[in-house]
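Numbering starts at 1 and runs along the sequence shown. Bear in mind the structure is a predicted one, so any value in this text is a computation, not a measurement.
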Amino acid sequence: MRTVAVVGASLAGLSAARSLRKQGYDGRLVVIGDELHRPYDRPPLSKEFLAGTVDEAELALEVDGEDLQAEWLLGVRATGLDRTERAVRLADGRDVRVDGLVLATGAAARTLPGSDGLSGVHVVRTLDDARALRAELAQGGRLVVIGGGFIGAEVASTAHVLGLDVTVVEAAPTALAGPLGENMGAIVSALHADHGVRLLCGVGVKGLSGERRVDAVLLEDGRGIPADIVVVGVGARPCVEWLAGSGVELDNGVKCGADGRTSLAGVVAVGDCANWYDPHVGAYRRVEHWTGARERPDAAVATLLAGGATEPAAPRPPYFWSDQYGVKIQFAGHAAGADSVTVEEGAPDDRNVLAVYRRAGQPVAVLGMNQPRLFTRWRKQLGRTTS
């Protein structure tokens, strides 16, 4: 291959570029990113960066002296892929002709309909998002977080430490039930109440009120929650619209094999936009976690360089972590499909617990709250039992 392009310049894209060089590719390497920023770490955006304990320089993912001998095209969006010409179309009118392609365009935060043009309403996905929110949180006031998932919970925790009055609204009956199951989701989300943060579950959001600036969140049950700042944390959508008509199969992102290969030869996908096949569960899954964006590019690049001739290894069970109200939360595996959850160590009321999810007696997932050593041990065992 004379030219390989990586479309996406965040963690997954950078990891793919590194893996290309590590695996011996010495041709032309082009990295395309729609943000102007060099690759940066996203997990601190909803925590330490918002709190002001981490600055922008500390977010950098590239190490001092690192040189991948790549052409960086930043601040320009990919708008199409011409499979006949093997060319990536860019918004500024340029084409980048390629022999191999890594899709790493990530995902974009979902927004609330009707919130456009209303100041005080934020999402947290990019550095620019976090900059804007941090400036507003510094002013204090009443914050309403829409969505009780991990991003919403982290923002709520950070804002509470900063002294804001915080309310979290979650449409589902139990926050975090999707990734953790109802029982453990209830235990983890109880951290809000432990620290005086209001959590309203089982009620949807009807809309926002305010003329130029938001002043309340309107609930479907008729209540209105006064708000000076609103953060919308209702998930993300894969950034794959630009691939329509390209021949790359799309289904909740880019549909991939267990090694990142797509329906188009010479094209692989990684990161939040990639819907990989997981042989452990016999289904396709989009893994929107830091560890997946860091680890899976190695397999995808090996597939790309070998022309798809390699036998894919099963991906490691997904892993993510979260820091909320001083509690370290770690999770690995798949909670969906588990038929039992047992607490192996600690006490749920103390928010100090190690829980194992099993299906037919076989461990399929593990959750830790302030149990890093025991969690690491179980995570390793989980990797062995699912390989």
Side-chain angles (χ1 to χ4, degrees), residues 1-21 23-25 27-34 70-71 73 76-91 93-108 237-279 282-288 292-293 295-315:
M1 293 184 180
R2 292 176 297 178
T3 300
V4 173
V6 178
V7 185
S10 194
L11 175 63
L14 176 62
S15 297
R18 285 171 169 165
S19 189
L20 280 159
R21 294 308 192 202
Q23 295 188 39
Y25 175 71
R28 181 186 179 214
L29 175 58
V30 183
V31 182
I32 302 164
D34 61 354
E71 299 173 33
L73 305 182
V76 60
R77 184 169 50 89
T79 57
L81 173 61
D82 187 325
R83 59 178 169 177
T84 302
E85 297 293 327
R86 301 289 296 183
V88 178
R89 311 290 191 198
L90 303 182
R94 284 181 290 176
D95 289 350
V96 179
R97 293 182 179 271
V98 302
D99 303 297
L101 182 61
V102 180
L103 305 174
T105 45
R237 55 171 181 79
C239 297
V240 295
E241 298 90 346
W242 68 283
L243 292 167
S246 67
V248 173
E249 186 176 358
L250 303 178
D251 180 12
N252 184 31
V254 178
K255 194 172 183 179
C256 308
D259 54 0
R261 75 182 70 192
T262 73
S263 59
L264 199 60
V267 181
V268 296
V270 295
D272 292 1
C273 74
N275 191 12
W276 279 43
Y277 180 74
D278 188 337
Y284 290 87
R285 291 181 180 273
R286 241 177 5 97
V287 176
E288 297 183 69
E295 294 177 346
R296 292 191 173 187
D298 285 344
V301 164
T303 296
L304 180 67
L305 295 179
T310 58
E311 183 67 25

Identify the heavy atoms of [X] and [Y] that sit nearest to each other, and give their distance.
X      : Y      : answer
Ala300 : Ala269 : CB-O, 4.5 Å
Thr84  : Asp82  : N-OD1, 3.0 Å
Cys273 : Leu103 : SG-O, 3.8 Å
Asp272 : Arg286 : O-NH1, 2.7 Å
Thr262 : Cys256 : CG2-SG, 4.4 Å
Ala302 : Gln23  : CA-OE1, 3.2 Å

Quick one: does any side-chain atom of [X] pair with a main-chain N or O of [Y] as donor and acceptor, under 3.5 Å?
X      : Y      : value
Ser19  : Ser15  : no
Asp278 : Ala283 : no
Arg21  : Tyr25  : yes

Flag the pair [X] / [Y] as yes when at least one side-chain heavy-atom distance between them is below 4.5 Å, and no otherwise.
X      : Y      : answer
Val96  : Leu73  : yes
Arg83  : Val267 : no
Leu305 : Leu20  : yes
Leu81  : Leu264 : yes

Test applied, side-chain contact (heavy atoms from CB on, under 4.5 Å); reference residue, Arg28; option that passes from Arg97, Glu71, Arg2 =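 Running side-chain contact (heavy atoms from CB on, under 4.5 Å) over Arg97, Glu71, Arg2 with Arg28 returns exactly one hit, Glu71.
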
message = Which residue is it: Thr79, Val76, Asp95? I am looking for the one with a side-chain contact (heavy atoms from CB on, under 4.5 Å) to Leu90.
response =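 Among Thr79, Val76, Asp95, the one that satisfies the side-chain contact (heavy atoms from CB on, under 4.5 Å) with Leu90 is Val76.
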
ask   = Salt bridge between Arg237 and Glu241, side-chain N to carboxylate O under 4.0 Å?
value =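 Result for this pair is yes, salt bridge flagged.
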
task = May I have the step-by-step check of side chain to side chain contact (heavy atoms under 4.5 Å, CB included) for Tyr284 and Asp251, ending in yes or no?
result = CA-CA 9 Å; Tyr284 290 87; Asp251 180 12; 5.8 Å; no

query = Under the 6.0 Å and 45° cation-pi test, does Arg77 pair with Trp242?
reply =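 Because its charged atom misses either the 6.0 Å distance or the 45° angle limit, Arg77 does not stack over Trp242.
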
request  = Walk me through it: do Val268 and Asp259 pass the test side chain to side chain contact (heavy atoms under 4.5 Å, CB included)?
outcome  = CA-CA 8 Å; Val268 296; Asp259 54 0; over 6 Å; no

